[in-house]
Amino acid sequence: MAAHHALSTKARLRVLLPRIVLSPSLALVAIFVYGFIFFTTYLSFSDSKMLPSYGWVGFENYKTLFSLRMWDIAVTNLAIFGILYIVICSVLGLFLAILLDQHIRAEGFIRTVYLYPMALSFIVTGVAWKWFLDPGIGLEAVMHDWGWTSFQFRWIKDRDMAIYTIVIAAVWQTSGFVMATFLAGLRGIDGEMLKAARVDGAGTFAVYRRIVIPQLRPAFLSAFVVLAHMAIKSYDLVVALTNGGPGTATAVPSTFMYSYTFTRNQMGIGAASAEIMLLTIAAVIIPYLWSELREDPR
Amino acid sequence: MTLRPARILLYALLALFCVYYLLPLYVMLVNSVKPLSEITSGGMMNLPQAWTLAPWKNAWSEAQVGVAATGLKPYFLNSFAMVIPAVTIATVLGALNGYVLTKWRFRGDTILFGLMLFGCFIPFQIVLIPMARSLGFLNLSGTVGGLVFVHVVYGISFSTLYFRNYYAAFPTELVRAAEIDGAGFFTIFWRILLPNSGPIAVVCVIWLFTNIWNDFLFGASFSDFSSQPMTVALNNLVQSSTGEKEYNVHFAGAIMAALPTLFVYIVAGRFFVRGLMSGSVKG
């Protein structure tokens with residue numbers, strides 16, 4: 001009887017122990033991800049100014065948010081930045097991956113060079129490009145020093161062009177990652193099929209266009225998901241490169257949120273802007289996670 | 001094989017892109033070892049005429065960062081004090097979670113994993129306000145400990161993802177056989193899974209190290225002058241310098257901030273790339 005009892009306790013522990021081990025992490029995620037999302041969502045419907053406050057104001061903060069010129073600028077900037085960033089990174093990444101796939105000598109070295117910016121902090125990247133693009137000491141000054149005195153490149157000081165300097169620096173940092181994603185995809189393609197196509201007389205260009213690129217769909221998808229969510233979250237690079245300026249010309253939703261919440265004491269509006277960022281990312285990520293995990297074999 | 005024109009063009013293009021990616025590093029390096037006057041006179045691309053290590057010394061121990069003229073050294077140490085415990089704790093928790101989620105499965109575990117995974121992708125702006133208040137409540141505001149806590153919380157999603165995908169490929173029969181032999185939950189983990197976890201542990205540690213070292217948003221939001229990490233201090237150095245901008249000092253500081261992650265990338269690049277590629281969720 002006693003033995004039987006001990007066994008059943010042991011058996012129960014055997015079932016429970018794994019869940020006990022998992023539970024601290026689950027609790028952290030439940031509170032600090034989902035609980036916090038809930039809290040911020042509530043704040044976005046509240047009259048919070050400098051500190052959280054719980055008076056319900058309905059959609060007032062969202063109405064104000066959408067009427068703000070700075071939010072308008074931030075969203076437009078994100079659209080310009082996001083689209084150019086994703087498109088240029090994908091095209092450049094694919095191009096470099098195809099170049100590197102031609103049985104290159106020193107491929108490992110070249111790959112290392114293309115990918116190292118990914119290991120750097122966006123603040124470091126921001127500092128390097130900030131001064132390189134600065135007309136006073138950077139590219140423009142260098143060209144003048146070299147004798148091309150009419151050369152002008154002052155996008156970083158130009159309200160209409162500054163957002164494109166962020167694209168330049170961000171593409172420099174991330175395109176190597178996209179290259180690596182596509183290169184891994186290219187290496188996974190069945191070599192026999194390519195040989196057969198070559199035997200049938202297809203040129204290199206035709207082989208890539210007809211056979212290789214269509215098979216890179218999964219690589220495109222994961223590159224897109226990573227790039228899209230990086231674009232929406234980008235904050236450090238903007239702070240380091242332009243600090244949202246000149247004026248508010250390079251404001252993006254993440255800098256808007258920070259400024260309204262912590263420096264302008266409009267916490268309700270800041271929370272509403274964070275909410276819009278979350279929903280935008282969720283629209284990209286949830287379908288992706290769903291499709292990836294759905295076919296999980298049980 | 002003889003070099004056809006197409007091959008020459010190919011190598012020329014590859015070399016051109018090498019120049020493109022290395023250019024900012026070159027700019028940072030050469031300008032960190034030349035006097036300021038050589039930069040301001042339009043010589044950013046030139047090698048130094050008068051080599052000097054003064055900018056490095058200045059950036060490390062003399063430059064005005066925030067309120068005090070301490071250089072970047074204390075912040076560099078803050079970053080290490082933050083990164084080491086955060087990476088260790090998040091990796092250990094991730095390994096245990098991955099073990100449970102693959103070898104001790106239960107109803108609904110995939111959904112729980114999916115819910116955890118979403119934590120990898122949320123824009124952290126959504127947690128800034130409540131986290132600032134919670135850290136105050138926990139008495140961790142403006143401390144390195146507070147930053148460690150925040151990075152552990154948002155690091156376990158990644159570490160769990162890595163270990164889960166890795167352990168999924170590990171033969172479950174071995175685990176069941178050991179169980180029949182009377183080995184318990186932790187014995188199996190310690191004796192069977194952990195000795196086989198070398199590569200993924202390296203991937204996970206490198207990924208977390210790089211991400212946490214490079215973090216700026218949490219550092220800027222939750223630290224004060226005594227606990228700021230390197231990225232925040234570097235940004236303060238570059239943005240707030242009053243009077244003459246000491247570009248050479250900024251570049252030296254930027255390289256200091258980049259060195260630890262760059263070092264890891266150069267010694268263990270293979271694992272770094274694997275970590276990046278594990279963006280695919282299924283593994």
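Quick note on labels: first sequence line is chain A, next is B, and so on, each numbered from 1.
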Which bit of [X] is near chain B, if near means a heavy-atom gap under 4.5 Å: side chain, backbone, both or neither?
| X | value |
| --- | --- |
| A:T181 | both |
| A:T280 | neither |
| A:F95 | side chain |
| A:I232 | neither |
| A:H229 | side chain |
| A:F177 | both |
| A:Q173 | neither |
| A:L221 | neither |

**Study point:** Side-chain heavy atoms of B:F118 within contact of A:I285, under 4.5 Å
**Key:**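 Answer yes - side chains close enough.
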
Does any backbone or side-chain atom of [X] lie under 4.5 Å from a heavy atom of chain A? Answer side chain, backbone, both or neither.
| X | value |
| --- | --- |
| B:L101 | side chain |
| B:F149 | side chain |
| B:N31 | neither |
| B:F17 | both |
| B:S134 | side chain |
| B:F186 | side chain |

How close do [X] and [Y] get, heavy atom to heavy atom, and via which atoms?
| X | Y | result |
| --- | --- | --- |
| B:C18 | A:Y114 | N-CE1, 3.6 Å |
| A:H103 | B:Y11 | O-OH, 4.2 Å |
| A:V113 | B:Y21 | O-CB, 3.7 Å |
| B:Q125 | A:M257 | O-CE, 3.3 Å |
| B:P123 | A:K233 | CA-CG, 3.9 Å |
| A:A271 | B:I129 | CB-CD1, 4.2 Å |

**Study point:** Donor-acceptor pair, side chain of B:N97 and main chain of A:S25, under 3.5 angstrom
**Key:** no

Exercise for review: May I ask you to decide if A:L120's main-chain N or O and B:T261's side chain share a donor-acceptor pair within less than 3.5 Å?
Suggested key: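 Pair absent, no side-chain N/O of B:T261 close to backbone of A:L120.
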
Study note, to complete from the structure: Distance col, row A:I123:CD1 vs B:N235:CG, nearest 0.5 angstrom, shows 4.5 Å

Practice item. In sequence, state the C-alpha distance, the side-chain angles, and the governing distance for B:L128 and A:T261, and then conclude on side-chain contact (heavy atoms from CB on, under 4.5 Å). Key: CA-CA 9 Å; B:L128 285 186; A:T261 308; over 6 Å; no

Practice item. Using the side-chain contact (heavy atoms from CB on, under 4.5 Å) rule, take A:M277 and B:I126 through it: C-alpha gap first, then chi angles, then the decisive distance, then the call. Key: CA-CA 8 Å; A:M277 289 177 71; B:I126 201 81; over 6 Å; no

Practice item. Taking atom CZ of B:F263 as the centre, report whether more than 12 heavy atoms of other residues, nucleotides or ligands fall under 6.0 Å from it. Key: no

Check your understanding: Sequence neighbours excluded, which residues qualify as ring-ring contact (aromatic ring centres under 6.0 Å, His included) partners of B:Y265?
Key ->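 ring-ring contact (aromatic ring centres under 6.0 Å, His included) check on B:Y265 returns B:F272.
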
Exercise for review: With sequence neighbours excluded, give me every salt bridge (Lys or Arg N to Asp or Glu O under 4.0 Å) pair touching residues 135-144 of chain A.
Suggested key: A:E140-A:R154

Study note, to complete from the structure: The side chain to side chain contact (heavy atoms under 4.5 Å, CB included) partner of A:V29 among B:L112, B:I156, B:L115 is B:I156

